[in-house]
Amino acid sequence: MQDYIQKRVLDICAYILETKATVRRAAQVFRVSKSTVHKDMTERLPSLNKHLAQEVKAILDENKAERHLRGGEATRRKYKEII
């Protein structure tokens, strides 16, 4: 793995652990695609640091479980502004 990729993986990992950010939010902050963030966290990070990979996986799983609630809240706010 090239050095700049390793640095990006560890930077994104640190950001997700600090902020409990979603894949989408991390992608926006680091200006990469959601696919890149997902691949970095699920495939590349475990080869660098298994412990960090487990911590990030727990956060990503939590975000995935709450995804439908966040979408519903966003829709509620959208229609509340219209009315």
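Computed from a predicted structure; not experimentally measured.
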Under the side chain to side chain contact (heavy atoms under 4.5 Å, CB included) test, residues paired with Thr42 that sit two or more places apart: His38
Those residues that, when tested against Val56, pass side chain to side chain contact (heavy atoms under 4.5 Å, CB included) (two or more places apart): Cys13, Ile16, Leu17, Met41, Leu45, Leu60
Residue pair Leu10 / Leu48, side-chain heavy-atom distance below 4.5 Å: yes
Of all residues at least two apart in sequence or in a different chain, which pass the salt bridge (charged side-chain N to carboxylate O under 4.0 Å, His left out) check with Lys57? Asp61
For Ser47, the side chain to side chain contact (heavy atoms under 4.5 Å, CB included) test, sequence neighbours excluded, returns Met1
Across all chains, not counting sequence neighbours, the side chain to side chain donor-acceptor pair (under 3.5 Å) partners of Gln54 are none
Applying salt bridge (charged side-chain N to carboxylate O under 4.0 Å, His left out) to Lys64 and not counting sequence neighbours gives none
By salt bridge (charged side-chain N to carboxylate O under 4.0 Å, His left out), Glu62 pairs with (sequence neighbours left out) none
Provide the full list of side chain to side chain donor-acceptor pair (under 3.5 Å) pairs with a residue in residues 7-23, sequence neighbours left out, each pair given once. Lys7-Asp11, Arg8-Asp40
With sequence neighbours left out, write down each residue that passes side chain to side chain donor-acceptor pair (under 3.5 Å) with Arg25, or none if nothing qualifies. Gln28
What pair of heavy atoms forms the shortest contact from Ile59 to Ala21, and how long is it? CG2-O, 4.3 Å
Here the salt bridge (charged side-chain N to carboxylate O under 4.0 Å, His left out) pairs for residues 26-38, sequence neighbours left out, are none
